[in-house]
**Q** 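Dropping a structure here in structure tokens format, bear with me for questions.
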Protein chains: 2
Amino acid sequence: MKPTDAELEILHVLWANGPSTVRQVHDNLSQNRDIGYTTALKLMQIMYEKGLLSREEDGRSHTYTAVVTEEDTQRNLVDRFVETAFRGSASKLVMQVLGQHKASREELDEIKTLLNNLNRDLLD
Amino acid sequence: MKPTDAELEILHVLWANGPSTVRQVHDNLSQNRDIGYTTALKLMQIMYEKGLLSREEDGRSHTYTAVVTEEDTQRNLVDRFVETAFRGSASKLVMQVLGQHKASREELDEIKTLLNNLNRDLLD
DNA sequence: AATGATATACGAAGTTTTTCGTAGATGCAA
DNA sequence: TTGCATCTACGAAAAACTTCGTATATCATT
């Protein structure tokens, strides 16, 4: 259920570009790093067997689609990450991230709005 | 440099309890899961070779100390995680975490304070 | 001195993840 | 129709991580 790092790379391509062939995914990945065509193929076949991807015959090749959504996957990954890296303390993670990374004013405002809503919930 | 999951477990024990023997670390880990004594020993030896831990003879046994701090390690882990899971978007991670996890009012207030400071910085 | 408990070191098996070579099928162009 | 490009399937090597058995040394107790 938890995608590995290599699997995550492929999911990101599919989430960004929609259903794609192995060739398309490989072309995309190749821009960032060295990876053989059959490596990408094999990974996608494994992911298909695991149920992470679906696929459809498309002439001589296959078109693959992500079965899991980006949001669901990220939710799972965050859960694990909070556990293993922060021993369950989500707010510690948030503090760490906010202190460490730049964000635009729009993003900060968005976060503040979310925080206000959370605060209101708590007060009820 | 990046600790594996098993290594992270051991680091957490050392961060929480300070310098410890293999026995102490193993006793601690055993509370949460099945793990052989020699497994813990081996892991700590490997971590020593990697430079993640230092150690000191203490009679017949060794006392191990974390070389890396919890903060530095978490900073590294967060960087990687933002990259692999959120393709670099730290604020997306924050939103996801805040929406997903419960936090106490104190924690939320703390985060808001931090946010206000960040906002002020941006406005200058 | 013998025994039992406990320590390290070492090697290696077991798992999971990543990578790719090779074989065989199919399409296309000369 | 021959040959080149491109696809899948398959197997298996390579790498990274986890686990533990066994040998050996040392300490404490009888």
Side-chain angles (χ1 to χ4, degrees), chain A residues 1-14 19-65 68 73 76-77 80-81 83-85, chain B residues 1-14 19-65 68 73 76-77 80-81 83-85:
Chain A
M1 188 93 303
K2 181 198 180 186
T4 66
D5 281 357
E7 288 171 347
L8 209 44
E9 282 186 323
I10 286 172
L11 285 173
H12 277 301
V13 174
L14 292 176
S20 311
T21 62
V22 174
R23 172 68 49 195
Q24 291 169 322
V25 169
H26 176 256
D27 284 352
N28 190 308
L29 292 182
S30 297
Q31 293 168 10
N32 300 318
R33 70 175 183 103
D34 254 8
I35 179 176
Y37 176 83
T38 54
T39 302
L41 169 68
K42 181 66 167 185
L43 276 170
M44 291 172 76
Q45 284 172 340
I46 291 173
M47 292 170 77
Y48 170 66
E49 285 160 21
K50 287 186 185 176
L52 286 172
L53 307 183
S54 66
R55 73 183 188 186
E56 190 190 340
E57 296 253 358
D58 181 15
R60 176 164 61 116
S61 75
H62 289 132
T63 295
Y64 288 82
T65 306
V68 292
T73 304
N76 276 327
L77 291 173
R80 283 171 196 275
F81 185 66
E83 265 328 301
T84 61
Chain B
M1 188 94 303
K2 181 197 181 187
T4 66
D5 282 357
E7 289 172 346
L8 210 44
E9 282 186 323
I10 287 172
L11 284 173
H12 277 301
V13 174
L14 293 176
S20 311
T21 62
V22 174
R23 173 67 50 193
Q24 291 170 322
V25 169
H26 177 256
D27 283 352
N28 190 308
L29 292 182
S30 297
Q31 292 168 10
N32 300 319
R33 71 175 182 102
D34 255 8
I35 179 176
Y37 175 84
T38 53
T39 302
L41 169 68
K42 182 67 166 186
L43 277 170
M44 291 172 76
Q45 285 173 340
I46 291 172
M47 293 170 77
Y48 169 66
E49 284 158 23
K50 286 186 186 175
L52 285 173
L53 307 183
S54 64
R55 73 183 188 185
E56 189 191 341
E57 296 253 359
D58 181 16
R60 176 164 61 116
S61 76
H62 289 132
T63 295
Y64 287 82
T65 307
V68 291
T73 304
N76 276 325
L77 291 173
R80 283 171 195 276
F81 185 66
E83 264 329 301
T84 62

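Letters A, B, ... mirror the listed sequences (proteins, then strands); counts begin at 1. Quick note: numbers below take in every heavy atom, side chains included, and nothing from hydrogens, waters or symmetry partners.
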**Q** Tell me every residue that passes side chain to side chain contact (heavy atoms under 4.5 Å, CB included) with A:Q24, counting only those two or more places apart in sequence or in another chain.
**A**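 Partners of A:Q24 under the side chain to side chain contact (heavy atoms under 4.5 Å, CB included) test: A:S20, A:T21.
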
**Q** Could you list the donor-acceptor pairs under 3.5 angstrom formed between side-chain atoms of residues 27-35 of chain A and any protein atom two or more places apart in sequence or on another chain?
**A**
residue, atom, partner, partner atom, Å
A:S30, OG, A:H26, O, 2.7
A:S30, OG, A:H26, NE2, 3.3
A:R33, NE, A:E9, OE1, 3.1
A:R33, NE, A:E9, OE2, 3.2
A:R33, NH2, A:E9, OE1, 3.0

**Q** Let me see the working for B:K2 and B:E7 under salt bridge (charged side-chain N to carboxylate O under 4.0 Å, His left out), right down to the final yes or no.
**A** CA-CA 9 Å; B:K2 181 197 181 187; B:E7 289 172 346; over 6 Å; no

**Q** Within the 4.0 Å limit for protein heavy atoms, which parts of nucleotides 19-30 of chain C are touched? Write it as a string from 5' to 3', B for base, S for sugar-phosphate only, - for none.
**A** BBBB---BS---

**Q** For B:D58, check side chain to side chain donor-acceptor pair (under 3.5 Å) against everything at least two apart and list the hits.
**A**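 So B:D58 forms a side chain to side chain donor-acceptor pair (under 3.5 Å) with B:T63.
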
**Q** Restricting to side chain to side chain contact (heavy atoms under 4.5 Å, CB included), what partner residues turn up for A:T73, sequence neighbours left out?
**A**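 By the side chain to side chain contact (heavy atoms under 4.5 Å, CB included) rule, A:T73 matches A:P3, A:L8, A:W15, A:V68, A:L77.
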
**Q** Take the protein atom CD of B:E57 and the nucleotide atom P of C:dT8, then report the distance between them rounded to whole Å.
**A**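 Distance check: B:E57 CD to C:dT8 P gives 9 Å.
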
**Q** Please report the distance, rounded to the nearest Å, between CG in A:D5 and P in C:dT16.
**A**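 It works out to 16 Å between those atoms.
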
**Q** Check every nucleotide of DNA chain D for an atom under 4.0 Å from a heavy-atom of chain B, then give the first and the last such nucleotide from 5' to 3'.
**A**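 Terminal contacting nucleotides, 5' to 3': D:dC17 to D:dC27.
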
**Q** Any side-chain heavy atom of B:H62 sitting closer than 4.5 Å to one from B:E57?
**A**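 Heavy-atom side-chain distance check passes, below 4.5 Å.
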
**Q** Would a 4.5 Å heavy-atom cut-off, applied to side chains only, mark B:V22 and B:Y37 as touching?
**A**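 Side-chain contact under 4.5 Å: yes.
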
**Q** On DNA chain D, nearest-nucleotide positions of B:K50 versus A:T63: which is more 5'?
**A**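 Closest to the 5' end, via its nearest nucleotide, is A:T63.
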
**Q** Any side-chain heavy atom of A:V25 sitting closer than 4.5 Å to one from A:M44?
**A**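 SC-SC contact between A:V25 and A:M44 confirmed.
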
**Q** At less than 4.0 Å, is any side-chain N or O atom of B:Q45 found next to OP1 or OP2 of C:dT8? Yes or no.
**A**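 Answer is no, no contact under 4.0 Å.
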
